[in-house]
Student: 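Provided herewith is a single structure, encoded as structure tokens, for subsequent inquiry.
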Amino acid sequence: METVDVLVVGAGLAGLQTARLLASQGFDVLVCERRSSLDIGIRTTGIFVRRTFEDFALPDRYLGPAVRRVLLYPPSLRAPVELVSSRDEFRVGDMAGIYSQALSETRLAGARVRLGVSYPLKDVKARFTIGADGARSTVARRLGLDVNRHLIIGAEKVFPVSTSAPTFHCVLDPRLAPGYLAWLVDDGQQAHVGLAGLPDRLAAPLPRLLRSFLGGFPNMPTPTGPIHRRGGPIPVGGVLRRIVCPDGLLVGDAAGAVSPLTAGGLDPCMRMSELAAAVTGDYLRTGNTSVLRHYDGTTLRARFRVRLVLRNALSHVRAPAVAEAAFKLLRTPLGRAAAARVFFGDGSFPDA
């Protein structure tokens, strides 16, 4: 039986960053990942917001061109609301490349990574276990921590394009994407086309809905080359309340660390990983359980009260006519300012 200080379950960005930071503190860290390769089974769209690529040392060669323009469409697709920022607001990452570099940096810091290995590991005993194993976390259940119950399900296709006006297109249509939206992120090099919604209200299987969106959207760029497919569950219920105990903690999607309104999870996973590594390190060095109170899901959750209210309101929009009426407000100066705050605001996941 092998004994380690920390077992990190899941080798996404949250898991790899937490493992790297803990290994840099001198702890014996083992990462296990059920995938045999990190360039398969990618679920995230890879959309990084400005605050993330400003605050973190992301590999620039794996980030696409900047996007400053957003178009918001009602169900009719007529008269979209245009938002343009003076700053670079979004960049879409090549997640296979980003994962590959994160994996190399984690190993260089001294952590060991086992791919193709499922949790729990029968031959490993850990002083502390970190669940970075996604929205339906097995670690959360085994440690008796909270689990995500508010999920949307999404699907996306990615293909190369050649355009000159990078734009983030968002379509709010409850028939197509109930409780969320459909999107096209075109950065001039790649087009990420997807949609997500509440699973019990989807009018058809996701692949069929995605084909419908691809065929009916007027600004769809002409694809050239092979198509990549992604998909999976997205937690939108906010940070879970109980995300730590003396035996372990949760990070990333496993902790519900996703913006309830936009469903963006990359910035939260990066920031929460820093806090998780700091708290875990202090706890393992001191053995003082009071340290774990600094990793409090209820406190983090409180920062998203307004977004949780908006998420609840969005989930109750069922009729296209209601969405069309909402766009009358979005076209006013106040509505445009509110939309710009959501897409371009400096607020993000709370700093550790």
Side-chain angles (χ1 to χ4, degrees), residues 1-25 27-46 48 56 58-59 62 93-143 145 147-148 151 154 156 228-235 243 247-258 265-266 268-274 276-277 280:
M1 175 70 71
E2 178 184 4
T3 301
V4 299
D5 291 324
V6 183
L7 173 64
V8 178
V9 182
L13 278 189
L16 290 174
Q17 175 163 269
T18 307
R20 176 179 60 80
L21 293 172
L22 284 167
S24 298
Q25 295 180 48
F27 293 106
D28 181 16
V29 180
L30 174 65
V31 181
C32 70
E33 166 60 54
R34 62 179 179 81
R35 292 177 293 165
S36 59
S37 174
L38 298 187
D39 61 2
I40 61 174
I42 296 174
R43 292 186 172 181
T44 177
T45 61
F48 289 93
F56 293 94
L58 297 170
Y62 294 129
D94 171 1
M95 294 311 297
I98 289 174
Y99 285 146
S100 176
Q101 177 154 325
L103 177 61
S104 297
E105 292 174 350
T106 301
R107 284 174 165 159
L108 188 63
R112 291 168 293 143
V113 181
R114 294 187 190 175
L115 301 179
V117 176
S118 296
Y119 173 81
L121 281 67
K122 295 181 180 179
D123 60 339
V124 174
K125 181 178 180 181
R127 294 173 59 196
F128 201 74
T129 300
I130 292 178
D133 52 338
R136 296 183 174 125
S137 171
T138 301
V139 174
R141 298 181 188 279
R142 290 185 66 89
L143 294 183
L145 299 174
V147 297
N148 291 295
L151 302 166
E156 182 183 73
H228 305 284
R229 293 175 175 83
R230 297 173 181 173
I234 308 167
I243 55 176
D247 295 319
L249 58 75
L250 308 175
V251 292
D253 283 9
V258 172
L266 291 174
C269 90
M270 300 288 283
R271 298 183 192 280
M272 200 168 189
S273 297
E274 291 188 332
T280 299

Student: Which atom pair, heavy atoms only, marks the closest approach of Leu115 to Ser36?
Tutor: CD1-O, 3.6 Å

Student: Given Val6 and Thr18, is the side-chain contact (heavy atoms from CB on, under 4.5 Å) satisfied, shown in steps?
Tutor: CA-CA 10 Å; Val6 183; Thr18 307; over 6 Å; no

Student: Are the side chains of Ile243 and Leu145 in contact, using a 4.5 Å heavy-atom criterion?
Tutor: no

Student: To check you understand the geometry: which heavy-atom pair defines the closest contact between Ala96 and Ile42, and what is its length?
Tutor: N-CD1, 3.8 Å

Student: If you round to the nearest 0.5 Å, how far is NE2 of His228 from CD of Glu156?
Tutor: 11.0 Å

Student: Output the distance between atom CG (Asp28) and atom CG (Leu22), rounded to the nearest 0.5 Å.
Tutor: 11.0 Å

Student: Can you find a pair of side-chain heavy atoms, one from Leu30 and one from Val124, that are under 4.5 Å apart?
Tutor: yes

Student: Under 4.5 Å between any side-chain heavy atoms of Phe56 and Leu13, yes or no?
Tutor: no

Student: Which heavy atom in Ala140 sits nearest to a heavy atom in Leu250, and how many Å separate them?
Tutor: CB-CD1, 3.7 Å

Student: Quick check: do Val251 and Gln17 have side-chain heavy atoms less than 4.5 Å from each other?
Tutor: no

Student: Start with the C-alpha gap between Arg114 and Leu121, add the side-chain angles, then the distance that decides, and say whether side-chain contact (heavy atoms from CB on, under 4.5 Å) holds.
Tutor: CA-CA 11 Å; Arg114 294 187 190 175; Leu121 281 67; 3.8 Å; yes

Student: Any side-chain heavy-atom pair from Leu38 and Leu16 closer than 4.5 angstrom?
Tutor: yes

Student: Side-chain contact, heavy-atom cut-off 4.5 Å: Pro268 with Val258?
Tutor: no

Student: Going from CD on Glu33 to CG on Leu103, what distance comes out if it is rounded to the nearest 0.5 angstrom?
Tutor: 10.0 Å

Student: Minimum heavy-atom separation for Val31 to Ala19, with atom names?
Tutor: CG2-CB, 3.4 Å

Student: Any idea which heavy atoms bring Ile98 and Pro59 closest together, and the distance?
Tutor: CG1-CG, 4.1 Å

Student: Compare all side-chain heavy atoms of Cys32 with those of Leu7 and state whether any distance is below 4.5 angstrom.
Tutor: yes

Student: Return yes if some donor-acceptor pair links the side-chain N/O of Ser137 with the main-chain N/O of Asp133 below 3.5 Å, else return no.
Tutor: no

Student: Quick one: closest heavy-atom pair of Pro233 and Arg136, and the distance?
Tutor: CG-NH1, 3.6 Å

Student: Looking at Ala111, is its backbone amide N or carbonyl O close enough to the side chain of Arg20 to form a donor-acceptor pair, meaning the two atoms are under 3.5 Å apart?
Tutor: no

Student: Are any non-hydrogen side-chain atoms of Thr129 and Arg142 less than 4.5 angstrom apart?
Tutor: no

Student: Would you find a donor on one side and an acceptor on the other, under 3.5 Å apart, between the side chain of Arg141 and the backbone of Val147?
Tutor: no

Student: Give a yes/no verdict on a cation-pi contact between Arg35 and Tyr99, requiring under 6.0 Å between NZ or CZ and the six-membered ring centre and an angle within 45° of the axis.
Tutor: yes

Student: Determine whether a donor-acceptor pair (N or O, by modelled atom type, separation under 3.5 Å) exists between the side chain of Asp253 and the backbone of Ala135.
Tutor: no

Student: As an exercise, state the distance from CD of Gln101 to CG of Asp94, rounded to the nearest 0.5 Å.
Tutor: 11.0 Å

Student: For Val9 and Thr138, run side-chain contact (heavy atoms from CB on, under 4.5 Å): C-alpha distance rounded to whole Å, both residues' side-chain angles, the deciding distance at 0.1 Å, then the answer.
Tutor: CA-CA 9 Å; Val9 182; Thr138 301; over 6 Å; no

Student: If you measure from CG on Asp5 to CZ on Arg127, what distance do you get to the nearest 0.5 Å?
Tutor: 5.0 Å

Student: Around Arg112, counting heavy atoms of other residues, nucleotides and ligands shown, do more than 12 lie under 6.0 Å from its CZ?
Tutor: yes

